[in-house]
Every structure is written in structure tokens, then in C-alpha cells.
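For reference, the structure is listed below as C-alpha cells.
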Amino acid sequence: MSSNSSRGGSYYGGAAAPFRSSEGLSTRTAAASSDEIQLRIDPVGDLDDEITGLFGQVKRLRNVAEEIGTEVKSQKDFLEELQMTMAKAQAGVKNNLRRLNRSIVRNGANHIVHVITFALICFLIVYLWSKMSRK
């Protein structure tokens, strides 16, 4: 496009070049006393190539967006399945804790009796052993 800006000087003279835009537009006054402005649009030969290139980029972006959408759906399904599994595991742990608490409540007094009995037997054995070793 920079080559188009250098061509503008040869068509309209050096005075019109500072008014040249990057889109290929240029201005020139018709006469010094006239308020009219003439406008000329330079044809852009690379426009079709640019449009084709943009079309290809849009296709690639659409494919990437579709892949992202597929991945998002897959991740969503995975997370939903994981949530179901976690809910089931949580329910199982809750049931097992409930059973354990019931078991402790039912058999809790017996455990204390067994611990006290074991401690007394150990104390008796140590006492008798210490008595026999002195003799």
C-alpha cells in the first residue's frame, strides 16, 4: 500500500501527496477559486488476496472455536460424572460413620471394661514379678 502513496504525486502533483490517506483516497482542489474537491479512489489489487487470507483465518478460528466447544462439553461431562462419584462416596462415608457411631455407642462400655481389666492384669504381673525378683 505504500507504493500507492508514491503514485499519488504523479497523478495530482506534489501538493496533493500530504492529503493522501492510507486507504487509497486522495484529494485535489479543482481550481483556486472553487470550493469543489475532486476525489479519486485507487483500486486495490491485493484486496481479493487479503479477503481470501481473512477467509482462511476465519475458517481456522471457527475450527478452533468448535474444538474449544467440544473440549468444554467433554470437561463438563467429566465434572458432572466426578460430582456424582463424589456424592456417592460422601454418602458411603456418611453411612459408615453412622454405623461406627452406633457400634461405639452399643459396645463402648465393654471396651472400657476390657482396657481396665488389661491394665489391672499388667499391673498385677509387674507387681508379682518385682516381688519374686527381690527374694
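Nothing fancy with the numbering, it's 1 onward along the sequence. Computed over heavy atoms, backbone and side chain alike; hydrogens, waters and symmetry mates excluded.
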Side chains of residues 65-78: which donor-acceptor partners sit under 3.5 Å, not counting sequence neighbours?
residue	atom	partner	partner atom	Å
T70	OG1	E66	O	2.9
E71	OE2	Q75	NE2	2.9

Would you say CD of Q90 has more than 12 non-hydrogen atoms from neighbouring residues, nucleotides or ligands within 6.0 angstrom? no

Once you round to the nearest 0.5 Å, how far does CE of M84 lie from CG of L82? 11.5 Å

Excluding V93, membership of its hydrophobic cluster (Ile, Leu, Val, Met, Phe, Trp, Tyr; side-chain heavy atoms within less than 4.5 Å) reads L97

By the rule that ILVMFWY residues connect when side-chain heavy atoms come within less than 4.5 angstrom, directly or transitively, which residues belong alongside I121? I125

Mind checking side-chain contact (heavy atoms from CB on, under 4.5 Å) for L54 and listing every partner two or more places apart, or none if nothing turns up? Q57

Sorted by chain and residue number, the side-chain hydrogen bond (donor to acceptor under 3.5 Å, both in side chains) partners of R98 (sequence neighbours excluded) come out as N95

Of all residues at least two apart in sequence or in a different chain, which pass the side-chain contact (heavy atoms from CB on, under 4.5 Å) check with L124? L128

